[in-house]
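Reviewing the structure listed below.
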Amino acid sequence: MLPGVGQTVRLSPGVVEVEGPRIVAVTEGDIPDRADLGGPGCVICPGFIDAHVHLPQFSVIGRHGLGLLDWLKHHVFPAELTWADPVRAQAHSRATIQRMLGVGTTGFAAYATVHAEGALAALRAAEALGVRAWIGQVLMDQNAPEPMLRPADQLLAETAGLIEAYPPSRDEPLNRVSAAVTPRFAPTCSAELLRGAGELAQAHGCLVQTHLSETQDECRWVAELFDVDRYLDVYREAGLVTGMSVFGHGIYLDAADRVTLDQAGAAVAHCPTANRFLMSGRLDWTDFAGQPMALGSDIGAGYEVAMPRVARAMLENASELRINHPQRPLETLPSAAHAWWQITAGNAAALCWTDCGAISPGMGADLLVLRPIGVSGMNGDQLDLASLLWGWDDRWLEVVMLAGQV
């Protein structure tokens with residue numbers, strides 16, 4: 001599964017050669033009868049990348065029937081409080097990351113909790129397992145349960161310490177885990193905390209991850225708290241809208257907001273399963289044509305861990321929107337080839353990783369070997385990317401390789 005033209009991938013027979021942590025050669029053509037891994041009937045794919053996930057929230061998957069703000073209050077905040085124990089946080093992180101690896105996710109951008117020691121435990125767990133990751137201590141100093149709040153200066157100092165321990169990778173394959181700057185979302189952050197977060201991110205070149213315009217209630221709340229007309233201005237004025245920013249959701253943005261994000265090079269992480277689960281709304285993919293985009297599972301509002309299933313939900317969301325806008329050409333729908341690109345090279349680009357997400361010489365060897373069973377095209381015919389996506393089965397995953405290590 002190789003890079004295609006533009007934002008797509010293509011399938012081609014061939015061989016991938018790996019030495020150390022990197023791909024050293026890709027030869028297209030006949031498939032040999034024998035290979036160290038894979039062989040006839042297999043597909044070699046870049047490892048999947050999840051651009052928006054909450055490590056502590058795997059334990060609350062399926063808590064259905066509430067909107068975002070009530071769901072946070074009744075389910076998420078109690079679950080995140082358990083990370084006050086760093087031993088528990090590390091065990092939970094390890095089990096969660098192993099679950100993600102089990103469905104082919106080799107890289108991700110994740111939220112931890114407000115607990116600095118819990119976030120450090122998550123960073124250490126990711127490092128020990130060899131994945132590529134941005135992980136951030138969640139920043140909150142208002143409008144959340146008292147045990148989860150910290151003074152702004154304390155949070156900024158703690159996150160600075162995490163960045164010192166896990167600085168941005170700078171494409172060094174042996175330094176694969178980095179701390180991100182992670183305000184939860186504007187309602188739980190004072191203006192002081194947001195400004196400090198922006199200064200911290202820009203000083204160290206860190207990824208910024210937060211939430212933006214996920215629900216209409218949230219948008220109204222932000223307008224009241226900050227006395228602004230535009231939610232995005234809260235982040236922009238704090239210096240948090242940059243080419244290294246990933247904003248979860250972005251459902252209720254208008255054309256001016258999208259221009260601001262595009263000019264900054266900031267990405268919106270579309271989370272289709274979570275948006276459906278919390279009844280938040282639907283992001284209209286066509287509004288973001290040509291702009292940086294990402295795709296996230298958003299566990300635990302999201303309920304699909306495997307990124308091909310999240311990508312499939314992206315296509316379903318686009319198809320459902322077209323029902324309400326039948327005048328739109330079918331060509332505006334994202335294709336299966338684009339979906340595969342999005343969960344590999346596309347998400348890598350959104351997370352500012354330049355050496356993963358694609359199969360080409362010099363790229364990091366984060367690879368999957370799939371053995372599709374029961375998919376049309378595996379009997380010598382042309383294999384179809386759409387059949388692979390819509391027929392995805394987690395049991396196809398035969399091998400996970402991280403930096404050249406199986």
Side-chain angles (χ1 to χ4, degrees), residues 7 49-54 67-69 72 109 111 134 136 180-189 194 198 207-223 226 228-238 240-299 301-302 310-311 313-318 320-321 332 334 338-339 342-343 346-347 349-352:
Q7 296 180 348
I49 297 171
D50 188 342
H52 185 99
V53 63
H54 295 260
L68 170 66
L69 300 179
L72 288 170
Y111 293 58
W134 291 99
V181 173
T182 309
R184 177 170 227 116
F185 66 156
T188 59
C189 299
L194 291 173
L207 188 80
V208 172
Q209 54 180 354
T210 188
H211 299 83
L212 172 66
S213 297
E214 183 176 357
T215 71
Q216 292 176 322
D217 286 345
E218 169 200 357
C219 292
R220 285 190 286 266
W221 194 16
V222 169
F226 291 90
V228 293
D229 294 326
R230 315 190 74 83
Y231 189 161
L232 185 60
D233 281 348
V234 177
Y235 294 136
R236 184 183 57 79
E237 292 170 5
L240 290 165
V241 182
T242 75
M244 293 193 69
S245 301
V246 179
F247 294 99
H249 304 287
I251 300 172
Y252 298 102
L253 299 176
D254 62 19
D257 294 326
R258 293 191 292 273
V259 169
T260 298
L261 292 170
D262 190 34
Q263 290 176 343
V268 166
H270 179 29
C271 304
T273 58
N275 295 343
R276 178 185 300 162
F277 185 83
L278 293 179
M279 301 164 285
S280 302
R282 287 184 177 144
L283 180 140
D284 193 336
W285 186 270
T286 60
D287 287 340
F288 291 84
Q291 294 189 215
M293 289 292 290
L295 192 63
S297 68
D298 195 24
I299 304 293
V310 179
M314 176 186 77
L315 302 191
E316 291 171 341
N317 179 74
E320 290 162 1
L321 280 167
T332 63
H338 179 86
Q342 187 65 71
I343 62 175
N347 276 359
L351 299 184
C352 304

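Just so we're clear, the structure is a prediction, and the values are computed from it rather than from any experiment.
Y235 contributes a side-chain N or O that, together with a main-chain N or O of A186, makes up a donor-acceptor pair within less than 3.5 Å. Formation of a donor-acceptor pair under 3.5 Å by the R282 side chain with backbone atoms of L321 is not found in this model. Remark: side-chain polar atoms of H338 are paired, donor with acceptor, to backbone N or O of Q7 under 3.5 angstrom.
Here NE2 of H54 is found 4.5 Å from CG of D298. Values are rounded to the nearest 0.5 Å. Remark: Y252 OH to T215 OG1 distance equals 7.0 Å, nearest 0.5 Å. With rounding to the nearest 0.5 Å, the separation of CE in M293 from CG in D287 is 9.5 Å. In this structure, CD in Q209 is found 11.0 Å from CZ in F247, a value given to the nearest 0.5 Å. A distance of 9.5 Å separates OG1 in T286 from CZ in F288, rounded to the nearest 0.5 Å.
Side-chain contact check for E218 and Y231: at least one donor-acceptor pair (N or O, by modelled atom type) lies under 3.5 Å.
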Decide side chain to side chain contact (heavy atoms under 4.5 Å, CB included) for Y111 and R184; before the verdict, give the C-alpha distance in whole Å, the side-chain angles of both, and the deciding distance to 0.1 Å. CA-CA 8 Å; Y111 293 58; R184 177 170 227 116; 5.6 Å; no
Please test Q342 against H270 for side chain to side chain contact (heavy atoms under 4.5 Å, CB included), starting from the C-alpha separation and ending with a verdict. CA-CA 11 Å; Q342 187 65 71; H270 179 29; over 6 Å; no
Audit row: L240, T210, side chain to side chain contact (heavy atoms under 4.5 Å, CB included) steps and yes/no: CA-CA 9 Å; L240 290 165; T210 188; 6.0 Å; no
Would you sort out whether R230 and D257 count as a side chain to side chain contact (heavy atoms under 4.5 Å, CB included), showing the intermediate values? CA-CA 8 Å; R230 315 190 74 83; D257 294 326; 3.2 Å; yes
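Under the rule for a ring pair (Phe, Tyr, Trp, His ring centres under 6.0 Å), W221 has no partner lying at least two apart in sequence or in another chain.
Between L295 and P272, the shortest heavy-atom contact is CD1-CD, 3.7 Å. What you find for L207 and A350 is that their closest heavy atoms are CD1-O, 4.2 Å. Closest of all the heavy-atom pairs between T182 and G136 is OG1-CA, 3.2 Å. Across every non-hydrogen atom of R236 and T260, the tightest pair is CD-CG2, 4.1 Å. Of all heavy-atom pairs spanning A51 and N347, the tightest one is N-ND2, 3.8 Å. Nearest heavy-atom pair, G250 versus L283, reported as atom, atom and distance to 0.1 Å: O-CD1, 3.8 Å.
With a 4.5 Å cut-off on side-chain heavy atoms, L261 and L253 count as touching. Two residues are said to be in side-chain contact when any heavy atoms from C-beta on lie closer than 4.5 Å; M244 and V208 fail this criterion. With a 4.5 Å cut-off on side-chain heavy atoms, L68 and D217 do not count as touching. The shortest side-chain heavy-atom distance between R276 and E320 falls under the 4.5 Å cut-off. Taking the side chain as every heavy atom from C-beta outward, Q291 and V268 never approach each other to under 4.5 Å.
For F185 and H249, the ring centers sit 6.0 Å or farther from each other.
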